[in-house]
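Notes follow the structure.
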Amino acid sequence: MREMPEPVLEAAEFQRRLLDWFNRHGRHDLPWQCQRTPYRVWVSEIMLQQTQVATVIPYFERFMDRFPTLAELAEASQDEVLHLWTGLGYYARGRNLHKAAQRLMAEHGGELPVASLEALAGLPGIGCSTAGAIIAQSTGQRAVILDGNVKRSLSRLHAVEGWPGRPAVERRLWALAEHYTPEERVVDYTQAMMDLGATLCRRGTPECSRCPFVDVCVAHARGEQRRFPEPKPKKALPTRTTLMLVLQDSGGRVLLEQRPASGLWGGLWGLPQFDDLVALRDWLDVHAPGAALQPNWPAFSHTFSHFKLEITPQPARVVGLDSVGEARCWYDPGNPGRIGLAAPVKSLLASLAPFALAAPEGP
DNA sequence: AACTCGGGGAC
DNA sequence: GTCCCAGAGTT
């Protein structure tokens with residue numbers, strides 16, 4: 001407990017101020033705040049990992065429309081789950097959600113174990129903070145959360161030095177979060193902490209004048225709100241290059257391959273990728289003999305958090321190739337199927353959909 | 001403790 | 001262009 005910075009307020013006073021602010025200025029009409037079942041809260045919390053609310057909302061609506069219950073999610077194919085995840089990123093979340101749903105049906109009677117933090121956090125895709133959020137939001141039982149919003153607010157309030165990704169810093173923030181979390185009104189308290197960080201104590205331009213803690217905030221007193229939390233130490237992004245084969249048959253359909261189950265774009269469908277033209281030609285010799293290469297299209301780049309990928313689309317034509325082998329399919333860009341696609345692939349296919357027989361300008 | 005895993009919003 | 005977001009899993 002000596003790890004905990006000095007609290008700026010007693011817990012009861014902190015809660016009173018926060019909840020009073022939340023009553024007047026909090027968000028009360030997010031899609032997962034109605035019919036607050038453990039299942040809906042769970043799905044929302046998974047989608048909201050490292051993803052902003054405005055981005056999540058349409059995905060959440062489509063997901064709930066297609067999978068209204070845990071049982072229906074468990075019975076679906078992974079392809080269909082990933083299809084609804086296309087564009088949301090971090091696809092392991094979708095795979096883990098699906099896997100957890102099947103495990104819950106088989107081993108937990110089709111219910112989330114919301115009475116146990118440990119049982120919840122033992123499910124794939126659910127860590128400490130998400131487990132706490134699910135319990136707090138769906139049962140009202142006391143549970144502590146520490147997401148990006150809470151980290152930002154608490155690190156400013158107490159001027160906690162160091163990048164929150166460092167375990168030592170994260171431990172101090174957990175201790176503070178633990179200290180302030182109440183026994184009562186946990187649903188509102190939890191939502192209020194996230195709303196405070198998302199709407200007031202924002203990363204770029206915090207609105208300190210409207211903050212219920214402006215008078216006790218250490219960072220504000222020093223005029224250093226912007227310095228907290230400390231940014232992640234950065235390093236140069238490596239650049240990788242790849243060729244993406246856009247092999248079309250006489251009907252304009254495009255050959256897709258399903259990617260390995262784990263790793264980048266795991267389980268999604270994509271274009272065959274190659275390091276260089278030699279490897280691409282070798283592959284064509286084996287899998288699509290007689291295919292005719294066309295001039296490549298302009299390269300474009302796609303930036304990930306840890307590297308930049310420069311993609312050169314390499315179009316080719318083939319006729320009379322019906323059997324394409326395991327984990328491959330012919331995809332009609334004008335009539336998309338319900339499968340998961342990597343974002344740049346989806347963009348590339350969309351750009352050629354209306355002009356299946358013409359070379360597009362690029363995505 | 002460091003690395004992997006996405007896409008988009010905000011600036 | 002940069003930064004980072006309702007983090008978790010793997011090494």
Side-chain angles (χ1 to χ4, degrees), chain A residues 26-27 30-33 41-60 82 85-97 99-100 120-134 136-137 143-153 162-171 173-174 177 190-199 201-206 226 229-238 240 259-268 270 301-309 340-347 363:
Chain A
R27 295 176 292 187
L30 296 170
W32 41 89
Q33 288 179 309
V41 170
W42 172 41
V43 172
S44 74
E45 289 300 331
I46 300 300
M47 288 188 168
L48 286 160
Q49 289 169 359
Q50 297 293 291
T51 312
Q52 296 182 355
V53 168
T55 303
V56 163
I57 288 175
Y59 285 87
F60 180 80
L82 290 179
W85 216 271
T86 291
L88 196 55
Y90 281 152
Y91 298 95
R93 294 183 298 173
R95 298 196 303 271
N96 284 333
L97 190 70
K99 195 185 309 175
L120 217 43
L123 290 165
I126 302 181
C128 284
S129 184
T130 299
I134 293 171
Q137 297 277 3
V144 183
I145 64 163
L146 187 66
D147 62 13
N149 288 312
V150 181
K151 285 179 179 173
R152 187 168 52 256
S153 304
W163 176 52
R166 267 176 45 202
V169 179
E170 190 167 6
R171 277 199 299 276
L173 294 172
W174 268 114
T190 304
Q191 188 62 46
M193 284 301 284
M194 295 190 281
D195 287 358
L196 185 75
T199 67
C201 199
R202 296 186 302 262
R203 177 170 65 91
T205 55
R226 303 289 300 279
E230 283 187 22
K232 175 180 180 165
K234 61 175 176 182
K235 43 195 156 180
L237 286 187
R240 304 182 198 170
R259 299 178 58 84
S262 63
L264 190 66
W265 294 329
L268 272 61
S301 70
H302 185 78
T303 305
F304 296 88
S305 48
H306 49 306
F307 66 94
K308 187 166 95 173
L309 186 63
L341 293 170
V345 174
K346 181 179 181 181
S347 165

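A quick note: this is a predicted structure, and the numbers were derived from the prediction, not measured. Note on naming: letters A, B, ... go to the chains in the order of the sequence lines (proteins, then strands), and numbering restarts at 1 for each one.
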Just to be sure I understand the rule, does A:G263 reach a base, reach only the sugar-phosphate, or reach nothing, if contact means heavy atoms closer than 4.0 Å? sugar-phosphate

Integer angstrom distance from the P of B:dG6 to that of C:dT11: 15 Å

Identify whether any heavy atom of A:L88 sits under 4.0 Å from a base atom; if not, whether one sits that close to sugar-phosphate; answer base, sugar-phosphate or nothing. base

Take atom P in C:dA6 and the same atom in B:dA10, then report the distance between them in whole Å. 11 Å

base_contact_polar (C:dA6 base, A:R203 side chain, donor-acceptor, <3.5 Å): no

Assuming nearest nucleotide by heavy-atom distance, tell me which of A:I126 and A:E45 is located more 5' along DNA chain C. A:E45

So, the side chain of A:R95 versus the backbone of A:A261: is there a donor-acceptor pair under 3.5 Å, distance only? yes

State whether A:K234 places a side-chain N or O below 4.0 Å from either non-bridging phosphate oxygen (OP1 or OP2) of C:dC3. yes

Tell me if the side-chain of A:T51 makes a donor-acceptor pair with the base of B:dG6, cut-off 3.5 Å, by modelled atom types. yes

For the side chain of A:D147, starting at C-beta, report the closest nucleotide among C:dG7, B:dG7, B:dC3. C:dG7

Interatomic distance, OG1@A:T55 vs CD@A:Q52, rounded to 0.5 Å, equals 5.5 Å

Touch check for A:W32, heavy atoms < 4.0 angstrom, all strands: base, sugar-phosphate only, or nothing? base

Using a 4.0 Å heavy-atom cut-off across all strands, classify A:A133 as base, sugar-phosphate, or nothing. nothing

To the nearest angstrom, how far is A:H302 atom NE2 from B:dC5 atom C1'? 11 Å

Which of B:dG7, C:dA6, B:dA1 is nearest the side chain of A:A198? It is C:dA6

In this structure, CG of A:L120 is separated from CH2 of A:W42 (nearest 0.5 Å) by 9.0 Å

Interatomic distance where CG belongs to A:D195 and P belongs to C:dA6 [whole Å]: 11 Å

Calculate the interatomic distance between A:F304 atom CZ and B:dC5 atom C1'; express it in whole Å. 9 Å

Distance in angstrom units between A:M193 CE and C:dA6 P, rounded: 13 Å

Supply the atom-to-atom distance A:R259 CZ to A:L82 CG, rounded to the nearest 0.5 angstrom. 12.5 Å

Tell me the interatomic distance from A:N149, atom CG, to C:dA6, atom C1', rounded to whole angstroms. 6 Å

Whether A:K151 contacts C:dC5 is assessed here as follows: a side-chain N or O lying under 4.0 Å from the phosphate OP1 or OP2. Is that the case? no

Under 4.0 Å: is that the gap between some side-chain N or O of A:W265 and OP1 or OP2 of B:dG7? yes

Sugar-phosphate, base or nothing in reach of A:E170, heavy atoms under 4.0 Å: nothing

Can you classify the ring geometry of A:W32 versus A:F60 as parallel (below 30°), tilted (30 to 60°) or perpendicular (above 60°)? perpendicular

Is the phosphate of C:dC5 approached by A:Q52 (side-chain N or O, under 4.0 Å from OP1 or OP2)? no

Side-chain N or O of A:H306 versus OP1/OP2 of B:dC5: is the shortest distance under 4.0 Å? yes

Test your reading of the model: is there a side-chain donor-acceptor pair from A:R226 to the backbone of A:G204, 3.5 Å cut-off? yes

On DNA chain B, does the nearest nucleotide to A:A168 precede the nearest nucleotide to A:S305 from the 5' side, or the other way round? Give the residue. A:A168

Main chain of A:C201, side chain of A:R152: is a donor-acceptor contact present, judged purely on distance under 3.5 Å? yes

Rounded to the Å, how far apart are A:K346 NZ and B:dG8 P? 9 Å

Give A:G204 one of three labels, base, sugar-phosphate or nothing, depending on what nucleic acid heavy atoms sit under 4.0 Å from its own. nothing

Between C:dC5 and A:R152, is there an OP1 or OP2 to side-chain N/O distance shorter than 4.0 Å? yes

OP1 or OP2 of B:dG7 under 4.0 Å from side-chain N/O of A:Y91: yes

Whole-Å distance separating the CH2 atom of A:W163 from the C1' atom of B:dA1: 10 Å

Checking contacts here: which listed nucleotide (C:dA6, C:dG9, B:dC5) is nearest the side-chain heavy atoms of A:N96? C:dG9

Closest-nucleotide ordering on DNA chain C, the 5'-leading residue of A:L30 and A:P124: A:L30

With sugar-phosphate meaning primed atoms plus P, OP1 and OP2, does A:T130 contact a base, only sugar-phosphate, or nothing at under 4.0 Å between heavy atoms? sugar-phosphate

Using whole Å, what does the distance between atom C1' of nucleotide B:dC5 and atom CD of A:Q49 come to? 12 Å

A:T303 vs A:T205, nearer the 5' end of DNA chain B by closest nucleotide: A:T303

